[in-house]
Amino acid sequence: MALFKYVGRDAQGNSVKGEVEASSIDTAADQVMQKGVLPSSIKEKKAGAENLDLSLIFASKVNPSDLIVFTRQIYSLTKAGIPILRAINGLAESTHSVLLSESLQDVLNRMRNGYSLSAAMGAHPRVFSQLYVSLIQVGENTGQLDRIFLQLSEYLEQEIETRKRVKSAMRYPTFVLIALAVAMVILNIYVIPTFAGMFAKFHAELPWTTQVLLGTSSFFVDYWHLMLIFLISAFIGLKLWLNSPKGAYLWDKWKLKIPVVGSVIERSLLARFSRSFAMMLSAGVPLNNALYLIAHAVDNNYLQEKILAMRSGIEAGDPLLKTATAAGLFTPLVLQMIAVGEETGQVDELLNEAADFYEREVDYELKNMTAKIEPILISIVAGMVLILALGIFTPMWDMMGAMKGG
C-alpha cells in the first residue's frame, strides 16, 4: 500500500492538498475525486522510517484458497444480477476466514460511504493485491465486472496449483535434510561422547578423523548454548537483511541461479508474468500500466526491475518485442510468440500460450527434480557414514587388533 500526495481544487475552486493511501496512482486519483477534489498533481510519497507500520509487517495474509472461493462466489452472484453490496454482505457473513470477513465488512462500509469497489478493496493490501484491485477497477470502468472476477479466479487457481507442485517437489529433500540435521545433533550429544570415554580408557593413539569427530562433539556439548544464540542471531540478521531493499534484490537475483531449483523458480515467475500480462491486456489495461502493475505482482525484486525497464522502453516508443529482448528474460520461442502477437494484434492470446509453455517446463522440471537431488543427498549421507566409519570404527579395529596381538 503506497502513500500518494495530491494537489487539486475542491468544488468551490479552493486549492486543496493532502495524502491518500492506495494500491496504484489510478486508485489514488479515484479516491481523491470521490472526496470532491479535482486533482492537478498526484505523486507517490517515498516511505521513510517514520512511515513504518509494524502492524502491516506482522499482520497475516488471507489464505489463497479463501480468496479463490470468494472470487468464484462473487462472480456467480454478479453474473446472476445480484447487487454488489448485497453480494459482498452475504459473502462477508458466510466466509470462514476472519481476516477476509473483517476486510469485506470494511469494504462494504466504504462503498456505502461513496467509495468504488476497487478503492475500498485497495485499503486492504493484505487481502487484495495491487493486480487484483487494478483489474476490479478495469471491470468497473468497462461494465464487465463479472468477467473480471472469472479471470481473477482462474488466475488465482493457476497460481495456487503451481505453488502446490513446487512445495510437493521440495518436500522430500527438505525432510531428508531435517533428518540429517537431527541425526548430527544426536550423534554429537549422545553417541560420540560414549566412544570418547571408551577411547580415553585405552589411551589409544587416535587417527586425525577420530580427533576431528571428538573435537567437534566436545565443542558442541560445551558450547551448544552459544551456538543456539548464534543461530538465532544469524536468523534474525538474515531476516532483517532480506527485508532491506538491497538484501531483497540480491536474494531474488541469487535464488534464480541456485542449481536445480533456480530454473524452476525462474520459469514459475515467468509463467506468472505471462499469465498476468495476458489477463491485463485482455481486460483492456494500457500496455505501460499493465507492466507497472505486473512488476509489483511478480514477487521478485530482480524481475521487477527488468519489467519496469520494459515499461520505460514502451513509454519511450519501443515495440514490445524490442523491450522484451532487451530484458534478457525470455527464451527465443517466447520472443517469437510475442513477435507474432504484435503482428496479429493478439498479444494476450500468445502470452497465454507462453504461460502454458513455461508451466509445462515447470511441470517437467518438478518431475525430474527428485531424480536430480537424490544423488546429492545420497552423497551427503555417504560422506557422513564414511567420516563416522573412519573416525569411530577404525580406532576400534586397531584396539581389537592390539588386544589380540597382546
Side-chain angles (χ1 to χ4, degrees), residues 1-45 47 51 53 55-56 59-62 66-67 69-71 73-95 97-149 152 283 285 289 293:
M1 202 68 164
L3 195 63
F4 292 89
K5 297 173 66 177
Y6 67 87
V7 178
R9 294 190 178 276
D10 59 17
Q12 289 75 36
N14 300 320
S15 179
V16 178
K17 61 181 180 180
E19 297 178 351
V20 293
E21 275 190 321
S23 57
S24 68
I25 193 168
D26 294 330
T27 309
D30 189 32
Q31 291 185 28
V32 172
M33 286 188 286
Q34 286 176 4
K35 293 181 178 182
V37 177
L38 184 62
S40 58
S41 172
I42 299 179
K43 294 181 180 179
E44 183 176 352
K45 183 178 180 180
N51 296 321
D53 190 348
S55 64
L56 288 179
S60 59
K61 290 186 178 182
V62 71
D66 292 330
L67 188 59
V69 171
F70 162 75
T71 308
Q73 289 175 332
I74 200 168
Y75 158 68
S76 301
L77 292 171
T78 51
K79 187 179 180 182
I82 306 296
I84 191 69
L85 288 174
R86 182 180 164 191
I88 293 175
N89 184 52
L91 294 176
E93 294 176 353
S94 62
T95 183
S97 170
V98 176
L99 176 60
L100 181 58
S101 177
E102 292 175 351
S103 300
L104 290 176
Q105 289 289 355
D106 184 70
V107 167
L108 197 61
N109 293 333
R110 287 173 182 267
M111 291 180 69
R112 285 169 178 163
N113 290 328
Y115 281 74
S116 66
L117 177 60
S118 58
M121 285 182 167
H124 299 276
R126 293 278 167 176
V127 178
F128 306 105
S129 67
Q130 192 174 40
L131 182 68
Y132 196 106
V133 172
S134 298
L135 281 173
I136 295 299
Q137 189 177 28
V138 170
E140 289 175 319
N141 294 336
T142 59
Q144 297 180 328
L145 199 55
D146 56 339
R147 186 171 72 88
I148 293 297
F149 278 124
L152 279 169
V285 179
N289 288 352
L293 294 168

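Bear in mind that the values here come from a model prediction, so they are computed numbers and not experimental data.
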Applying side chain to side chain contact (heavy atoms under 4.5 Å, CB included), can you list everything that pairs with S97, at least two apart in sequence or on another chain?
V62, D66, T95, L99, L100
Please test F128 against L67 for side chain to side chain contact (heavy atoms under 4.5 Å, CB included), starting from the C-alpha separation and ending with a verdict.
CA-CA 8 Å; F128 306 105; L67 188 59; 3.9 Å; yes
Walk me through it: do N109 and R112 pass the test side chain to side chain contact (heavy atoms under 4.5 Å, CB included)?
CA-CA 5 Å; N109 293 333; R112 285 169 178 163; 4.1 Å; yes
If you round to the nearest 0.5 Å, how far is CG of L117 from CD1 of I74?
6.5 Å
To check you understand the geometry: which heavy-atom pair defines the closest contact between S103 and V127, and what is its length?
OG-CG2, 3.3 Å
Validation: residues 79-92 side-chain donor-acceptor distances under 3.5 Å, sequence neighbours left out:
from: K79; atom 1: NZ; to: Y75; atom 2: OH; distance (Å): 3.3

Sorted by chain and number, sequence neighbours left out, side-chain hydrogen bond (donor to acceptor under 3.5 Å, both in side chains) with D106 holds for R110, H124
Measure the shortest side-chain to side-chain distance between L108 and Q105 over non-hydrogen atoms and say whether it is less than 4.5 angstrom.
yes
